[in-house]
Number of protein chains: 2
Amino acid sequence: MEKKSIPDIVVGRLPLYLRSIQRMAQEGRKVTSSQELGERLGISAAQIRKDLSQFGEFGKQGTGYQINYLINQLSKILHVDRIWDIAIVGAGDVGNAVVRYQGFANRGFRISMIFDNDPAKIGTQMGDFIVRNTANLIEDIREQNVKVAMIAVPANQGQKVADQLIKAGVKAILNYAPISLYVPADVYVQYIDPAIHLQRMTYYLD
Amino acid sequence: MEKKSIPDIVVGRLPLYLRSIQRMAQEGRKVTSSQELGERLGISAAQIRKDLSQFGEFGKQGTGYQINYLINQLSKILHVDRIWDIAIVGAGDVGNAVVRYQGFANRGFRISMIFDNDPAKIGTQMGDFIVRNTANLIEDIREQNVKVAMIAVPANQGQKVADQLIKAGVKAILNYAPISLYVPADVYVQYIDPAIHLQRMTYYLD
DNA sequence: TAGATTGTTAATCGATTAACAATC
DNA sequence: TAGATTGTTAATCGATTAACAATC
């Protein structure tokens, strides 16, 4: 009997739930409800209960959800009950911002290497790292068994870098280059393009 | 008679269509089809035709879509047939990356000011701008009639900054702070949080 | 013309919501 | 206990797809 498959749209909301209850925990809160969580996120309480119920019974009638317990469960579900090493490709302004980003702490990730193909940058310090040569990308990533990477290079180099990452065994790519990538079915891609997000809003402005 | 309302999920795909055909134009292409565009984006041809047909008839049977014409039409629909000034709040690493970002050219946006509340940063140069004092945010933004802003401050300052932006008349906020914002119904928010995107992928990894 | 591709309809598929029994 | 809130079902709502007449 197959494990029933969870809709991707549900998976996409779980990290929001996790972020929100982690914040509640920081605030010293111990218990929450689907209603409170929904108000914080702008999502209906029914949807939150339905989403969570796909994975188990995490709450108690009458009282709600123990925050610490739900954090643990969601972390396991999302596989961030461990630390994923991340490789960054591109040591420009975006790569620089990500390599120094403090927001990965307690969220399951840490930067472990950064690459560039510019001789002027290779070997220099960036954040806590020495910029590596993209020419060695495949062997370096393979050697350290890195499975998650970020692409922070210009659009015209994005696909080439993606191809190398895939060859190196990377299975999850966060792409800051403003292009769609072609990848095999067992590789996951997420996109961050500020202009795309902005255009989604200007539609509604006059 | 009311103008029929377009689903937000459709609006969300239009910027992807626009980016893709702008890229085709750069490649020297003149004409495309819903099928080709769909292959580039991993979206079905039927969906692309249906989405576009919500706004008019932009193609010709047998031949497809004139790229330049479709770029013009989509730019108008998304209101990027003009240049929107953008204010950035937060002159840390993320603010620095965004203020220098070259990717807004031809996409309807330009950075016009950046703020920080750190006396060590106020008055210094960042990219093409002098960092302004967040204390003057409301008057500065009002004076220049800026309607679009980005939040690039720590999580615990995000809501406070959002409240100021709204008071200043901003209607669209791209939020890099890892929190959900409360905003009035006439203000639009989009979120960029790399950890959220990464967790969406690690779910599928083992 | 013959071939290709649109715009659109109807059918299918999937996601959200409302409601409530169960139960803490 | 009485009140509150879950987990779940069924109904509703919305989005996607398949198919094809229209037509370039």
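All chains are named by letter (A, B, ...) in the order of the sequence lines, taking the proteins before the strands, and each is independently numbered beginning at 1.
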_Between A:Tyr203 and B:Asp8, a side-chain donor and acceptor under 3.5 Å_ = no
Without decimals, in angstroms, what is the distance between [X] [atom1] and [N] [atom2]?
X       : N      : atom1 : atom2 : result
A:Arg13 : C:dT16 : CZ    : C1'   : 8 Å
B:Asp8  : D:dG14 : CG    : C1'   : 13 Å
B:Leu41 : D:dT16 : CG    : P     : 14 Å

*Only one of A:Asn175, A:Val94, A:Val89, A:Asp116 forms a side-chain contact (heavy atoms from CB on, under 4.5 Å) with A:Val153, so which one is it?*
A:Val89
*Proximity of B:Tyr188 and A:Tyr204 rings by center, below 6.0 Å*: yes
*Would B:Glu57 and B:Arg49 pass as an ion pair if we require N to O under 4.0 Å?*
no
*In plain terms, say whether A:Glu143 and A:Arg132 are close enough for a salt bridge, that is, a side-chain N and a carboxylate O under 4.0 Å apart.*
no
*asked:* Please encode protein proximity along nucleotides 4-12 of chain D as a string of B, S and -, counting only heavy-atom distances under 4.0 Å.
replied: BBBBBB---
*asked:* Do A:Arg107 and A:Val80 make a side-chain contact, defined as non-hydrogen atoms from C-beta onward lying under 4.5 Å apart?
replied: no
*List the atom of B:Trp84, the atom of A:Asp206, and the distance in Å for their closest heavy-atom pair.*
CH2-O, 3.4 Å
_Could you report the tightest heavy-atom contact between A:Ser34 and A:Tyr65, atom names first, then the distance?_
N-CE1, 3.9 Å
*Only stems of 3 or more consecutive Watson-Crick or G-U pairs count here, both distances under 3.5 Å; name the ones for DNA chain C, or none.*
C:3-24 with D:3-24
